[in-house]
There are 2 protein chains.
Amino acid sequence: MDIHPGLCDTPGMTATTLREAQDRFVAVWGQMAGAWGVSRTMAEVHALLYIVGEPMNTDDVMERLQISRGNASMSLRALLDWGIVERAHKRGDRKEYFVAEQDVWTLFRAIVRQRITREVDPLLAALYEIRDMTAPERKHARADPGDEARAKLDAHARRLDAMLEFFQTLEQFAATFVSPAGRGLQAAAVLLAKTHRPRAEQAP
Amino acid sequence: MDIHPGLCDTPGMTATTLREAQDRFVAVWGQMAGAWGVSRTMAEVHALLYIVGEPMNTDDVMERLQISRGNASMSLRALLDWGIVERAHKRGDRKEYFVAEQDVWTLFRAIVRQRITREVDPLLAALYEIRDMTAPERKHARADPGDEARAKLDAHARRLDAMLEFFQTLEQFAATFVSPAGRGLQAAAVLLAKTHRPRAEQAP
DNA sequence: TCACGGTTTCAGAACATTCTGAAAGCGCCG
DNA sequence: CGGCGCTTTCAGAATGTTCTGAAACCGTGA
């Protein structure tokens, strides 16, 4: 804290407040993480890189978030894998620096892309398999109509199909959002939101 | 296992296969859960109720999933809170029974509604607060243009605003999907998916 | 009012995840 | 080639989450 007497306001205060605001952003983003199946630290590291906006190296991150080298390294690598943080270098410095994607829509497109391939695709595959498990049985049952077992099998298959259809639709929707053509979808969403918004607010 | 010799196929086998298919569905759904910040058991209970399609009571659930009474009770209550499972009763039976919402789109609408109010709303509130933290500082800085501190504050505010705008849009979008008018959105999504789908597949 | 079938609660046990720090790995430069 | 600066790895510690089971609770019928 370097407070010059007589000029006790602007320079020191501004830096402190900014840092506090950044820390709160990091904390909030970290909270969010748990609820979405992402590890807290990973989210915090990303939040830090995003809100600071400048390249940081492993030591910067360690010190700012008070985490171990191992943890920082792991989190940064994971963020690279997700494609929402990139490596950067400074001349005359052998350290690696990292920067977060700064365009919010690009950021979320990357996240959606990852989650679809990591979670929805395997889910769809599993659902197909499960539906096929009872297919032979249903064929048999079909020969014997009015059977109660048959009705059960059919209802079961109908429920699986409903799920399948939903996730197929979701996947297509996401694919459109993610693809280069997805800008259109983004624009549509923004427009939709604007027309429906009850009242826009702005700080004075 | 009651296998009648000579007629060793349809009746016993069908029940077994169906049960296996159900179990796999439950397992898959449970896996999914972790990745989305939902407890595994809760998801499994829901999956069971959905795929079985008939009302089940606490003991049924306990036995089928091999979980304790306490756990079953907690999970069922949570599912009721989420509004995706409902109580049901059978005449002459004092036990409570539970049924899962069977319409997939209604199900996901309920989930989206919950997550928005539980996670996005508080997030938005926090982001507004954080942006306002630096507002007074920025006013000061404005008097002293060309200042480096000012540029930093502005960049910081810009990043927060980008996030805010994104989540506002998301919220509006979700609100449209969730609202009664949201059927329109659903139809649009289905249509979009159909037109873009490379090739539809169907079991023979 | 009590006894009874059923449900909820919760402290502590079991389990799972995340984090640390020291050691190993990697590639560059002299 | 050997030392150096930096990054990655991973076994075990720390922490956080979920589950159990027994006790408390609740409402109903006798």
Side-chain angles (χ1 to χ4, degrees), chain A residues 26-49 55-82 85-100 115 118-119, chain B residues 26-27 29-49 55-82 85-99 115 118-119:
Chain A
V26 168
V28 165
W29 206 241
Q31 295 265 217
M32 193 77 170
W36 292 91
V38 178
S39 95
R40 205 183 82 272
T41 305
M42 191 176 142
E44 286 186 348
V45 173
H46 174 259
L48 181 62
L49 289 173
M56 298 179 84
N57 62 38
T58 308
D59 295 83
D60 295 339
V61 173
M62 284 169 62
E63 201 218 295
R64 187 72 187 268
L65 299 182
Q66 297 288 344
I67 60 177
S68 73
R69 181 169 304 282
N71 198 4
S73 174
M74 296 277 231
S75 300
L76 285 167
R77 159 182 278 280
L79 290 170
L80 289 172
D81 286 349
W82 277 66
V85 160
E86 299 214 318
R87 290 177 207 274
H89 289 280
K90 291 192 174 174
R91 336 222 127 278
D93 189 343
R94 281 175 59 189
K95 280 197 189 73
E96 279 197 309
Y97 283 73
F98 302 89
V99 227
R115 300 209 75 151
R118 287 175 197 208
E119 287 140 34
Chain B
V26 167
W29 206 241
Q31 295 266 214
M32 193 77 172
W36 292 92
V38 179
S39 95
R40 206 183 80 271
T41 305
M42 192 176 142
E44 285 185 348
V45 173
H46 174 260
L48 181 62
L49 289 173
M56 299 179 83
N57 62 38
T58 308
D59 294 84
D60 295 339
V61 173
M62 284 169 61
E63 201 219 295
R64 187 73 185 266
L65 298 182
Q66 298 289 342
I67 60 177
S68 73
R69 181 168 303 283
N71 198 4
S73 173
M74 297 276 230
S75 301
L76 286 167
R77 161 182 276 278
L79 290 170
L80 289 172
D81 286 349
W82 277 67
V85 160
E86 300 214 317
R87 291 178 208 272
H89 289 279
K90 291 192 173 175
R91 336 224 126 277
D93 189 343
R94 279 173 60 187
K95 283 198 188 70
E96 278 196 309
Y97 283 73
F98 303 88
V99 227
R115 301 209 74 149
R118 286 175 197 208
E119 288 141 33

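Every chain is numbered from 1, with letters handed out A, B, ... down the list of sequences.
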Toward the 5' end of DNA chain D, by each residue's nearest nucleotide, B:Val38 or B:Arg94: B:Val38
Which residue lies more 5' along DNA chain D, comparing A:Met74 with A:Tyr97 via nearest heavy atoms: A:Tyr97
For atom CG of B:Asn57 and atom P of C:dT8, their distance in whole Å: 12 Å
Sugar-phosphate only, base, or nothing, as touched by B:Ser73 at under 4.0 Å among non-hydrogen atoms: base
B:Asp93 CG - C:dT7 C1' separation (whole Å): 14 Å
Rounded distance (Å) that lies between atom C1' of D:dT8 and atom NZ of A:Lys95: 16 Å
Nearest listed nucleotide, side chain of B:Glu96, among D:dT7, C:dC19, C:dT8: C:dT8
Worked check of side chain to side chain contact (heavy atoms under 4.5 Å, CB included) between A:Lys95 and A:Thr58: CA-CA 8 Å; A:Lys95 280 197 189 73; A:Thr58 308; over 6 Å; no
Spacing between A:Leu65 atom CG and C:dT20 atom P, to the nearest angstrom: 10 Å
Touch class at under 4.0 angstrom, heavy-atom based, for B:Arg69 against every strand present: base
B:Ala33 versus B:Ala43, closest heavy-atom pair with distance: CB-CB, 3.4 Å
Out of C:dT18, D:dT18, D:dT8, whichever nucleotide has its closest atom nearest the side chain of A:Thr41: C:dT18
Euclidean distance, atom CD1 of residue A:Ile67 to atom P of D:dT8 [Å, nearest integer]: 13 Å
Options C:dT20, C:dT8, C:dT18, nucleotide nearest the side-chain atoms of B:Arg87: C:dT8
Nearest-angstrom distance from the residue atom CZ of B:Arg40 to P of D:dG16: 21 Å
Axial cation check for A:Trp82 ring with A:Arg115, 6.0 Å and 45° limits: no
Length of the CG-C1' vector between A:Leu76 and C:dC19, whole Å: 15 Å
Rounded distance [0.5 Å steps], NE2 in A:His89 versus CD in A:Glu96: 5.0 Å
C:dT9 phosphate, OP1 or OP2, under 4.0 Å from B:Arg77 side-chain N/O: yes
Gap between atoms CG and C1', on A:Asn71 and C:dT17 respectively (whole Å): 12 Å
Distance-minimising heavy-atom pair for A:Thr41 and A:Ser75: CG2-OG, 3.7 Å
